[in-house]
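Just follow the structure's listing: the first ligand is 1, and inside any ligand the first atom is 1. Positions are given from 1, in the same order as the sequence printed here. Fair warning: this is a prediction, and the values are worked out from it, not measured in the lab.
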Amino acid sequence: DWINFTVFFNKIIDRFEMTKSQNVTFKRDIPAEDLYVDIDTDKITQVLDNIISNALKYSPEGGKLTFKVKVFREEILISIQDEGVGIPKDSVKKIFDRFYRVDKARTRKLGGTGLGLAIAKEMIEAHSGEIWAESKERRGTTIFFTLPYNPDQEDDWE
Ligand code: ATP
Ligand code: MG
């Protein structure tokens, strides 16, 4: 479906902001312009749901989540940053593997199967995008992903 990504993303963030039970601040750095992309909205909703629930799950009280969208020539870059526990250096790449969970003791009480990010990676790659993480232990984690974008599409009247 062709959708305006900024509207779509803001609605998903709104849903989390309205239902969150923790004291976590939401900050948005999302352009006001229309950004039309051709995506499977159910699948990208699932990707965002997992990334945002992870960010909340590993955030401390009083933490902040920052949502960004940056526009490039042929893609948009989406990022979700938290101020949570972070991920050890040697595990950052592995979080996208099926069933991989960083700390068995820590994650057991937080629940989950370890499949969320593996599915997210599959879905982003099916959209010809890329997904990766940057993290610093005790400082927080940022998940980045790209989606193809063609800025000329919108002005194409011919
Ligand atoms: P599921 O998503 O299936 O409910 P899950 O959240 O444990 O389970 P993933 O979403 O695939 O699984 O994440 C894999 C692991 O990566 C998590 O168990 C956690 O250890 C780590 N992780 C993911 N996101 C974060 C984050 N924002 N901060 C810290 N660790 C994270
Ligand atoms: Mg998850």
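Between the side chain of H127 and the backbone N or O of D38, no donor-acceptor pair lies under 3.5 Å. The main-chain N or O of A133 is never found under 3.5 Å from a side-chain atom of T141 such that the two would form a donor-acceptor pair.
Of the heavy atoms in D82, only side-chain atoms (C-beta onward) come closer than 4.0 Å to ligand 1. Looking at L117 against ligand 1, both its backbone and its side chain come within 4.0 Å, counting heavy atoms. At a heavy-atom distance under 4.0 Å, no atom of I143 approaches ligand 1. Looking at F96 against ligand 1, nothing comes within 4.0 Å, counting heavy atoms.
Interface of T113 with ligand 1, defined as ligand atoms under 4.0 Å from a residue heavy atom, comprises 1 (P), 3 (O), 4 (O), 8 (O). Close contacts between ligand 1 and V102 involve ligand atoms 20 (O), 21 (C) [criterion: under 4.0 Å to a heavy atom]. Ligand 1 places these atoms under 4.0 Å from at least one heavy atom of K57: 5 (P), 6 (O). Per-residue contacts place N50 under 4.0 angstrom from the following atoms of ligand 1 (heavy atoms of the residue considered): 2 (O), 10 (O).
In this structure, of F99, Y58, Y100, the residue bringing a heavy atom nearest to atom 26 (C) of ligand 1 is Y58. Of the candidates T141, L56, N54, D97, N54 brings a heavy atom nearest to atom 23 (C) of ligand 1.
Checked by distance only, ligand 1 and I87 stay at 3.5 Å or farther apart across all their nitrogen or oxygen atoms. Ligand 1 has no nitrogen or oxygen under 3.5 angstrom from a nitrogen or oxygen of G86.
Counting heavy atoms from C-beta outward, D29 and V69 have side chains that stay 4.5 Å or more apart. Taking 4.5 Å as the limit, every side-chain heavy atom of T146 sits out of range of all side-chain heavy atoms of I78.
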>> Test salt bridge (Lys or Arg N to Asp or Glu O under 4.0 Å) on R28 and D14; report intermediate values, then the result.
In response: CA-CA 11 Å; R28 307 182 201 206; D14 288 343; 2.8 Å; yes

>> Set out, in order, the CA-CA distance, both residues' side-chain angles and the distance that settles salt bridge (Lys or Arg N to Asp or Glu O under 4.0 Å) for E130 and K121, then state yes or no.
In response: CA-CA 8 Å; E130 287 179 276; K121 185 172 195 286; over 6 Å; no

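Within the 4.0 Å heavy-atom cutoff, G114 counts among the residues contacting ligand 1.
The Mg ion (ligand 2) has an N, O or S atom of N54 closer than 2.8 Å.
Here K64 does not pair with D82 in a salt bridge; the nearest charged N to carboxylate O distance is not below 4.0 Å. For R98 and E122, the salt-bridge test passes: some basic side-chain N is under 4.0 Å from an acidic carboxylate O.
Donor-acceptor pairing under 3.5 Å is recorded for the side chains of D1 and T41.
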